[in-house]
2 protein chains.
Amino acid sequence: MKLKEFAKQVGLSPTTVSRALSGYPEVSETTRARVAEAAARLGYSPNVNAVRLKTGRAGAIGVVMGRAGEFHFAEFMAGMAERLVAEETDILVIPMADPNHEDEMQLYRRLVESRRVDAIIVHSPKPNDERIALLHELGMPFLVHGRSAIDVPHAWLDIDNEAAIKRATSHLIDLGHRRIAMINGRSGATYALHRDSGFRKALQSHGIEPDPQLMASGNFTDELGFRFARSFLEQPNPPTAFVAGSMMTALGVYRAVRSLGMQIGRDVSVIAHDDVFPYLTADNMVPSLSATRSSMRAAGTRCADLVLQLLSGRSPLEIHELWPVELILRESTGPARPSRS
Amino acid sequence: MKLKEFAKQVGLSPTTVSRALSGYPEVSETTRARVAEAAARLGYSPNVNAVRLKTGRAGAIGVVMGRAGEFHFAEFMAGMAERLVAEETDILVIPMADPNHEDEMQLYRRLVESRRVDAIIVHSPKPNDERIALLHELGMPFLVHGRSAIDVPHAWLDIDNEAAIKRATSHLIDLGHRRIAMINGRSGATYALHRDSGFRKALQSHGIEPDPQLMASGNFTDELGFRFARSFLEQPNPPTAFVAGSMMTALGVYRAVRSLGMQIGRDVSVIAHDDVFPYLTADNMVPSLSATRSSMRAAGTRCADLVLQLLSGRSPLEIHELWPVELILRESTGPARPSRS
DNA sequence: GCAAATAACCAAACCGTTTTCAATTTTAGA
DNA sequence: TCTAAAATTGAAAACGGTTTGGTTATTTGC
């Protein structure tokens, strides 16, 4: 049903009906109620494309989805959804083909130019992220989930990866560990650098030299967790503790440790970063997993919130949130034992 | 930049430019090339909202996201993305508030009425799913991922859950297992019923009466896998084998078995359903997990494909795909051992 | 009681495309 | 060379709303 038709049914002009539905003040309460009732009864709702064309608002927030299809993604989106459900805003998932460089820039450019979205959320930025420069240049509102060192004003929300990993590592050192391995996320993204930096700082502040032989990075998979952990543990001078980048990585590490007949929490300590998934909890692992914890879902919710603020005029310069990360100690960490070698 | 302006720059009418860009035949190759070049150079691309209004096509496929934020979701979406990246179609994620009944119907109704999407993908349908009836009634093209027994014509793609679980269960029986437990997905959805039915049929065809004490259902989480498995194993007459609904469930089952000092594949056999995740593979579990396997990502890709076919006029009645499910035997299954009780 | 202010409503212009219908140019046929 | 047909191009009318700038009752102030 179209506005014109609907307006005729209600016995008002399209103008008044439109205003009544959008909550403009210059329409009487009686009329508004009548219109609202009729809309519900006749099932009228405005053609969203016409509204968008006229108002210039797209009513959607864009999220570019990389090919990896990371498991974090669903949680983040669920969080966004939680915030946006009441809003008239939906989430547009933009498929990205390859992490091919030019293509990606082109994709963002087209995305902006086509006016499909009012704002964009950029994930896993790099320290000098061209996407940020581009979006800024094109004047598209955007929020960075993560951080970038780029010298362009932008809104961001990030967790304090450096502090988290530094604290986790320090704790392991306090427990007496000296050979500590680090399985990081894919290198390139700022968060991986921050974690790396937190790791190094903790070691160095205790006079321990980071050993490149005990540091690896890659996708957050069970498989890589296993492989790296296993290869580290088979070295002549194996680590007694692990800092793992994700829950999946931790699963792999657990497996590797077990496969060598060692015991987590006794022979080898593990701390992982936990994004808080409903389907796999650190508490339930055996032994329960000590973790730096920050809810990915909460981040999604807050990011959606901040984007809405951005769209209602708040300056990106005011929007910088650095979330502290909890360290939850459980059974996977324990005092270092004298080396068995 | 707007069409009018752009057309002026190129020295052509908006009409011709529009045609050139949309690939209509009645424009000369020379002109088309010139327009394309200019568009690339000046960075013109049509305002998507105007196009949508005019053509009536939304250029988006809707996917309603439940609150649960399941881990399957990301894989499915990544699969869709793979197919849609070349297309001019994007994915609209519609947040759903509560699984509240009326609200959900209202949501679908508004979604259709607002013309935001050209088609909708319905997940985890129930045998008599009202969403299907509603979408059919409203004339919105849709594809069901899963199956429904409802008497309304509709396109669907599903995996053969019944056959898969039947085969898995039969295999366990062939191995000599008689006390077999089943940890299913949340009851209500058709797939859970199908799995239940496959399970029962396998048992009954071997003259075994299904024991309700060994059957549970709930979300696909590690935690529930553990709890159910543990409680089953502590019964007086414990199962010697498990059929688990998901990889996460399997993790929980493994944990439960270990926690009781038993060994997977020897004391207790496990077969789970594996949707094939890049970050957690059945092959890598210890011991490696026997599984019924079907790629969720591939399903996403194919669903996107089918929806596109639907949109280009193919009849929903022709679109029924039932995918067979592989059974991959690994180390988690072995012959039943004489009960220790 | 009357001018001025206010409230409530409406006609028409406009958002940026696509597409119908018509005009013009080019090519083919005789 | 001339005409009919085919190939290109354009002008203008939609698409379905919102919003500007009135217009017409209804109050308010003095």
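Every chain is numbered from 1, with letters handed out A, B, ... down the list of sequences.
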Check the phosphate of [N] against [X], side-chain N and O only, distance under 4.0 Å to OP1 or OP2. Yes or no?
{"X": "B/Thr55", "N": "D/dC15", "result": "no"}
{"X": "B/Ser13", "N": "D/dG10", "result": "yes"}
{"X": "A/Thr16", "N": "C/dA8", "result": "no"}
{"X": "A/Tyr24", "N": "C/dA8", "result": "no"}
{"X": "A/Ser18", "N": "D/dT18", "result": "yes"}

**Report entry** Worked check of ring pair (Phe, Tyr, Trp, His ring centres under 6.0 Å) between B/Phe277 and B/Phe71
**Finding:** CA-CA 9 Å; B/Phe277 306 107; B/Phe71 52 94; 5.3 Å; yes

Report task. Determine the contact category for A/Phe6: base if any of its heavy atoms lies under 4.0 Å from a base atom, sugar-phosphate if only primed atoms, P, OP1 or OP2 are that close, otherwise nothing. Result ->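 Counting heavy atoms under 4.0 Å across all strands, no contact is made by A/Phe6.
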
Report task. Quick one: label A/Arg52 by what it contacts on the DNA or RNA (base, sugar-phosphate, nothing), any heavy atom closer than 4.0 Å. Result ->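 Nothing, no nucleic acid heavy atom in range.
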
Requested in this report: Just compare C/dT17, D/dG10, D/dG16 and give me whichever is closest to any side-chain atom of B/Leu3.
Outcome: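 For B/Leu3, the side-chain atoms sit closest to C/dT17.
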
Query raised in the report: From C/dT19, C/dC9, C/dT18, pick the nucleotide closest to the side chain of B/Ser22?
Result: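 Per side-chain heavy atoms of B/Ser22, the pick is C/dT18.
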
Query raised in the report: With A/Leu42, which of A/Gln9, A/Glu37, A/Glu5 fulfils side chain to side chain contact (heavy atoms under 4.5 Å, CB included)?
Result: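 The single option meeting the side chain to side chain contact (heavy atoms under 4.5 Å, CB included) with A/Leu42 is A/Gln9.
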
Whole angstrom value for the distance that separates [atom2] of [N] from [atom1] of [X]:
{"X": "B/Arg57", "N": "C/dG16", "atom1": "CZ", "atom2": "P", "result": "20 Å"}
{"X": "A/Asn47", "N": "D/dC15", "atom1": "CG", "atom2": "P", "result": "12 Å"}
{"X": "B/Lys54", "N": "C/dT18", "atom1": "NZ", "atom2": "P", "result": "10 Å"}
{"X": "B/Lys4", "N": "D/dA13", "atom1": "NZ", "atom2": "P", "result": "13 Å"}
{"X": "A/Glu5", "N": "D/dC15", "atom1": "CD", "atom2": "P", "result": "13 Å"}
{"X": "A/Arg32", "N": "C/dC9", "atom1": "CZ", "atom2": "P", "result": "10 Å"}
{"X": "A/Asn49", "N": "D/dT18", "atom1": "CG", "atom2": "P", "result": "12 Å"}
{"X": "B/Leu53", "N": "C/dC14", "atom1": "CG", "atom2": "P", "result": "17 Å"}

**Report entry** Along DNA chain D (nearest heavy atom to each residue), the more 5'-positioned of B/Ala50 and B/Ser28
**Finding:**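 This one resolves to B/Ser28.
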
Does any non-hydrogen side-chain atom of [Y] lie less than 4.5 Å from one of [X]?
{"X": "A/Lys2", "Y": "A/Asn47", "value": "no"}
{"X": "B/Lys126", "Y": "B/Asp129", "value": "yes"}
{"X": "A/Arg131", "Y": "A/Met105", "value": "yes"}

Is it the case that the base of [N] and the side chain of [X] share a donor-acceptor contact (distance under 3.5 Å, atom types as modelled)?
{"X": "B/Thr15", "N": "D/dA11", "answer": "yes"}
{"X": "B/Arg19", "N": "C/dT17", "answer": "no"}
{"X": "A/Arg115", "N": "C/dT17", "answer": "no"}

Query raised in the report: Would A/Val276 and A/Arg297 count as a side chain to side chain contact (heavy atoms under 4.5 Å, CB included) if you check the C-alpha gap in whole Å, the side-chain angles of each, and the deciding distance to 0.1 Å?
Result: CA-CA 8 Å; A/Val276 191; A/Arg297 183 178 285 245; over 6 Å; no

Query raised in the report: Taking for each residue the nucleotide of DNA chain C bearing the nearest heavy atom, is the 5' side occupied by A/Glu26 or by A/Pro14?
Result: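 Result: A/Glu26.
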
